Number of protein chains: 2
Amino acid sequence: MLRNRVKELRARHDFTQSDLGKLVGATRQTIGMIEKGDYAPSVLLALKISKALRVNLEEVFWIEGEE
Amino acid sequence: MLRNRVKELRARHDFTQSDLGKLVGATRQTIGMIEKGDYAPSVLLALKISKALRVNLEEVFWIEGEE
DNA sequence: ACCTAATGTTAAGTATCCTTTACAATGAAG
DNA sequence: CTTCATTGTAAAGGATACTTAACATTAGGT
């Protein structure tokens, strides 16, 4: 349902999962799970992630199948 | 921490809490709680809400105190 | 071959979201 | 004043997010 580009955008900044986790106040496991698509983060964490990756939230997270 | 303009934007569309809830697949109570700031929705629900309100997610939800 | 950083992946537990049900408060319309 | 739609609120429970801890795998550097 929810898709994301966290892994791609994180790599673009040369952040490790740990780096990004620290930047947004989450664990590396949480980042890993989100990248894998295992679960959808809260909007709070999603906002922090998109801010850390310097893009709009919709460029990181979007609903699969929307037009 | 998380602030939002759901109530204001919902009124602008003449949606009741029930209307918006049905549009996004949530209950009116959930919408009410979000408007009240009682909790931060999932990014999935937040995306659906911003889509129903026809604005970018960041125009509906934002982190208090960011520059 | 060894060491280390990074990632993958599980399991268990805590925290938070979200629903269902229920009842109260408000306000507009008759 | 009554009726109805809307909203506020709260408790209980189910679903999901997130953490901590642990161990495995991969890749690079020495």
Side-chain angles (χ1 to χ4, degrees):
Chain A
M1 189 93 190
L2 185 77
R3 306 266 325 249
N4 77 82
R5 266 191 268 269
V6 172
K7 187 168 189 168
E8 171 193 344
L9 293 170
R10 174 174 63 79
R12 203 172 289 180
H13 287 273
D14 280 319
F15 290 156
T16 65
Q17 291 181 343
S18 254
D19 291 336
L20 182 56
K22 278 168 196 159
L23 281 172
V24 302
T27 64
R28 68 169 187 86
Q29 287 91 334
T30 294
I31 303 297
M33 295 294 234
I34 291 170
E35 288 184 355
K36 205 182 152 203
D38 271 8
Y39 55 66
S42 69
V43 70
L44 202 57
L45 184 52
L47 280 168
K48 288 177 185 171
I49 290 174
S50 65
K51 196 177 171 186
L53 299 176
R54 303 193 172 283
V55 291
N56 291 332
L57 190 142
E58 281 96 340
E59 296 178 50
V60 192
F61 298 96
W62 68 94
I63 295 173
E64 170 100 321
E66 69 180 343
E67 64 281 1
Chain B
M1 191 91 190
L2 186 77
R3 305 270 323 251
N4 77 82
R5 266 190 269 269
V6 172
K7 186 169 190 168
E8 172 194 343
L9 295 169
R10 173 173 63 78
R12 203 173 288 180
H13 287 272
D14 279 318
F15 290 155
T16 66
Q17 291 181 345
S18 254
D19 291 337
L20 182 56
K22 278 169 195 158
L23 282 172
V24 303
T27 65
R28 67 169 190 85
Q29 287 90 334
T30 294
I31 303 297
M33 295 295 232
I34 290 170
E35 288 184 355
K36 205 181 151 205
D38 270 9
Y39 56 65
S42 69
V43 69
L44 203 58
L45 183 52
L47 279 168
K48 289 177 184 170
I49 289 174
S50 65
K51 196 176 171 186
L53 298 177
R54 304 194 173 280
V55 291
N56 290 333
L57 190 141
E58 281 96 339
E59 296 178 49
V60 193
F61 298 97
W62 68 94
I63 295 173
E64 169 100 322
E66 69 180 341
E67 64 285 359

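Chain A is the first sequence line, chain B the second, and so forth, proteins listed ahead of strands; every chain is numbered from 1. Since the model is a prediction, treat every value here as computed from it, not as a measurement.
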Handout entry: Gap separating the CZ atom of A/Arg10 from the CD1 atom of A/Ile34, nearest 0.5 angstrom
Key = 11.5 Å
Completion exercise
In short, B/Leu47 meets A/Phe61 closest at the heavy-atom pair CD1-O, 4.0 Å
Practice task
Would you mind classifying the nucleic acid contact of B/Met33 as base, sugar-phosphate or nothing, using non-hydrogen atoms under 4.0 angstrom?
Solution key: nothing
Handout entry: Protein-nucleotide distance (A/Ile34, atom CD1; C/dT7, atom C1'), rounded to Å
Key = 15 Å
Practice task
State whether the side chain of B/Glu58 and the backbone N or O of A/Leu57 hold a donor-acceptor pair below 3.5 Å, judged by distance alone.
Solution key: yes
Exercise for the section: State whether A/Lys7 places a side-chain N or O below 4.0 Å from either non-bridging phosphate oxygen (OP1 or OP2) of C/dG8. Expected result: yes
Problem - Rounded interatomic separation in angstrom, taking CG from B/Leu2 and P from C/dT16 - result: 14 Å
Handout entry: DNA chain C contacts among residues 35-47 of chain B, heavy-atom distance under 4.0 Å
Key = B/Tyr39, B/Ala40, B/Pro41, B/Ser42, B/Leu45
Exercise for the section: Enter the distance from B/Ile49:CD1 to B/Ser42:OG here, rounded to the nearest 0.5 Å. Expected result: 8.5 Å
Handout entry: Short side-chain N/O contact from A/Arg10 to OP1 or OP2 of C/dA6, under 4.0 Å
Key = no
Problem - Validation row: B/Leu9, B/Val60 side chains within 4.5 angstrom (heavy atoms) - result: yes
Protein-nucleotides 21-26 of chain C N/O pairs under 3.5 Å:
unit_1	atom_1	unit_2	atom_2	d
C/dT21	O4	B/Gln29	NE2	2.5
C/dA22	N6	B/Arg28	NH2	3.3
C/dA22	N6	B/Gln29	NE2	3.2

Fill in the blank from the handout: Between B/His13 and B/Leu53, the two heavy atoms sitting closest are NE2-O, 3.1 Å
Practice task
May I ask you to list the residues of residues 15-27 of chain A, by number, that have any heavy atom positioned under 4.0 Å from an atom of DNA chain C?
Solution key: A/Thr16, A/Gln17
Exercise for the section: Flag the pair A/Val43 / B/Asn4 as yes when at least one side-chain heavy-atom distance between them is below 4.5 Å, and no otherwise. Expected result: no
Completion exercise
Taking every heavy atom of A/Ile31 against every heavy atom of A/Gln17, the minimum-distance pair comes out as CG1-O, 3.7 Å
Practice task
Any chance you could measure B/Arg54, atom CZ, to B/Arg12, atom CZ, to the nearest 0.5 Å?
Solution key: 14.0 Å
Handout entry: Considering all heavy atoms, the nearest A/Asp14-A/Asp19 contact
Key = O-OD2, 4.1 Å
Problem - pair A/Pro41-A/Thr30: side-chain heavy atoms closer than 4.5 Å - result: no
